[in-house]
Amino acid sequence: MDESNATCGKRLASIGLENTEANRQAYRTLLVSAPGLGNYVSGAILFEETLYQSTVDGKKIVDVLTEQNIVPGIKTDKGLVPLAGSNDESWCQGLDGLASRSAAYYQQGARFCKWRTVVSIPNGPSALAVKEAAWGLARYAAISQDNGLVPIVEPEILLDGEHGIDRTFEVAQQVWAEVFFYLAQNNVLFEGILLKPSMVTPGAECKERATPEKVAEYTLNLLKRRIPPAVPGIMFLSGGQSEIEATLNLNAMNQAPNPWHVSFSYARALQNTCLKTWGGLPENVKAAQDALLTRAKANSLAQLGKYTGEGESAEAKEGMFVKGYTY
């Protein structure tokens, strides 16, 4: 739930709400106070505003999460900007002042953090963009650990493009090799990070779709080739997949033994139906919270390999891919 205020505004606009602090507060209060959410969700990534915000009832959001046994986290990157000298690619800013910001976030109750950088397959990706992404993630991880925060390392390979699953696999191998090379160079403790990667899927505009079994096979092969077993958790991003797709793919991955905790770190794939159900109306809060709990429980079962997909709504099957997605 770490969308910037501008992106949160796009979410609110989709249900006809104005992008005001009161509306953002109301929505985020609905999320963190969903009864029993902590049975299925272990951490919540917050935006800076939310980390310092109180709920509609005046309780600190951080405290509400802690009472639910959900660990508060914080997005610490400052967003994507054009990468000079590249093929129209981007890099992630935010290393300046990161140490002091991280220390302040820790004081406020955050115990982990997230930094998202992206790689685009249609744009190359150029060696420069891959190296910049990997180095930035490694510096962020080292600074975060130095300030007591567990860094979530997120090299997102964007879904944009017409390429097939084999091309995604090839690029992901290249990106992850660089990421772990630079993490090691920066003396990052692998046992003290979480990885938040994209699943290996065909490009969003590829004619040939992949079954959950195929996505699981390719993604697990990639993990085995690139991720040291010392990394405790792989928390996949949903990256514009539909709610159901993200859950089915995660479930298929947990049908096979592997040395990691393979789980989820979803935003839209947990909240899409919830947001639409709420519609900004106080009388819909309970129904919206129930929709959130349905998705959280489904993904909780999927990370045990026990999700069946029974009784899912049509809403949960809607794709959420946005070309050139930023937040």
Side-chain angles (χ1 to χ4, degrees), residues 2-4 7 10-11 14 45 75 77 79-80 83 86-92 114-126 129-130 133-134 137 152-176 179 195-223 226 234-253 262-272 295 299 302 316-327:
D2 63 340
E3 297 91 350
S4 65
T7 303
K10 290 179 193 168
R11 300 273 185 278
S14 74
I45 311 170
K75 165 184 153 82
D77 70 74
L80 301 167
L83 176 62
S86 73
N87 182 29
D88 198 21
E89 294 161 290
S90 58
W91 67 285
C92 187
K114 185 194 99 162
W115 179 284
R116 172 188 182 252
T117 194
V118 303
V119 169
S120 164
I121 293 179
N123 289 10
S126 67
V130 172
L137 282 167
I152 292 184
V153 174
E154 182 178 0
E156 180 176 354
I157 293 158
L158 295 171
L159 275 177
D160 305 56
E162 299 172 6
H163 54 276
I165 196 167
D166 288 295
R167 177 65 181 144
T168 307
F169 184 77
E170 183 188 334
V171 171
Q173 282 198 107
Q174 179 192 352
V175 171
W176 289 18
V179 167
L195 185 65
K196 180 173 175 170
S198 338
M199 298 175 191
V200 182
T201 64
E205 293 133 304
C206 177
K207 306 266 186 297
E208 198 179 323
R209 304 317 298 153
T211 61
E213 291 69 30
K214 189 167 189 179
V215 170
E217 179 197 347
Y218 272 73
T219 308
L220 287 172
N221 278 346
L222 177 63
L223 292 177
R226 289 291 181 264
I234 319 286
M235 310 310 195
F236 282 98
L237 57 89
S238 50
Q241 300 177 61
S242 75
E243 289 179 331
I244 298 279
E245 217 180 346
T247 310
L248 284 170
N249 288 342
L250 176 64
N251 191 66
M253 275 187 256
V262 176
S263 190
F264 62 96
S265 177
Y266 295 165
R268 287 174 289 168
L270 275 179
Q271 296 175 43
N272 193 48
R295 292 265 43 86
N299 286 298
K317 294 172 184 167
E318 284 181 18
M320 288 179 281
F321 168 69
V322 178
K323 195 165 182 171
Y325 181 64
T326 56
Y327 71 108

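These numbers come from a predicted model, not from an experiment. In what follows, every heavy atom counts, from backbone to side chain, and hydrogens, waters and symmetry copies are set aside.
For the atom pair Thr168 OG1 and Tyr218 OH, the distance stands at 9.5 Å (nearest 0.5 Å). Rounding to the nearest 0.5 Å gives a distance of 9.5 Å between CZ of Arg268 and OG1 of Thr7. Atom CG in Leu237 sits 13.5 Å away from atom CZ in Phe264 (nearest 0.5 Å). With rounding to the nearest 0.5 angstrom, the CD1 atom of Ile234 is 12.0 Å from the CE atom of Met199. Note that CG of Asn299 and OG of Ser238 are 8.5 Å apart. Values are rounded to the nearest 0.5 Å. Between the CG atom in Leu137 and the CH2 atom in Trp115 there is a gap of 8.0 Å [rounded to 0.5 Å].
Shown here for Ile165 and Val200, the closest heavy-atom pair between the two residues is CD1-O, 3.5 Å. The shortest non-hydrogen separation linking Pro197 to Trp176 is CB-CZ2, 3.0 Å. Looking at every heavy atom in both residues, Asp88 comes nearest to Asn123 through O-ND2, 2.9 Å. Taking both residues in full, the closest heavy atoms of Ala129 and Leu83 are given as CA-CD2, 3.7 Å, listed atom of the first, atom of the second, then distance. In plain terms, the two heavy atoms of Leu250 and Ser263 that are nearest each other are CD1-O, 3.5 Å. Here the closest non-hydrogen pair linking Ala252 and Pro212 is CB-O, 3.5 Å.
Put simply, the side chain of Asp77 gets close to the backbone of Gly79: a donor and an acceptor are under 3.5 Å apart. Between the side chain of Asp2 and the backbone N or O of Ile45 there is no donor-acceptor pair closer than 3.5 Å. Side chain of Glu205 to backbone of Gly161: a donor-acceptor contact under 3.5 angstrom is found.
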Does the pair Phe236 and Asn249 meet the rule for a side chain to side chain contact (heavy atoms under 4.5 Å, CB included), with working shown?
CA-CA 10 Å; Phe236 282 98; Asn249 288 342; over 6 Å; no

Check the pair Glu154, Lys114 against side chain to side chain contact (heavy atoms under 4.5 Å, CB included), reporting the backbone distance first and the verdict last.
CA-CA 7 Å; Glu154 182 178 0; Lys114 185 194 99 162; 3.1 Å; yes

For a side chain to side chain contact (heavy atoms under 4.5 Å, CB included) check, start with the C-alpha distance between Arg295 and Thr247, then their side-chain angles and the critical distance, and finish with the verdict.
CA-CA 9 Å; Arg295 292 265 43 86; Thr247 310; 3.2 Å; yes

Using the side chain to side chain contact (heavy atoms under 4.5 Å, CB included) rule, take Ile152 and Arg116 through it: C-alpha gap first, then chi angles, then the decisive distance, then the call.
CA-CA 9 Å; Ile152 292 184; Arg116 172 188 182 252; over 6 Å; no

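With no hydrogens or angles considered, no side-chain donor-acceptor pair links Gln241 and Thr201 at under 3.5 Å.
Under 4.0 Å is where a charged nitrogen must lie from a carboxylate oxygen, and between Arg167 and Glu170 at least one such pair does.
Looking at heavy atoms from C-beta onward, Pro155 lies in side-chain contact with Leu195 at the 4.5 angstrom threshold. The shortest side-chain heavy-atom distance between Pro125 and Glu89 falls under the 4.5 Å cut-off. Considering only heavy atoms from C-beta on, Ser120 stays 4.5 Å or farther from Asp160 through its side chain. Inter-residue side-chain proximity for Pro202 and Arg209 is flagged as met; some heavy-atom pair is nearer than 4.5 Å.
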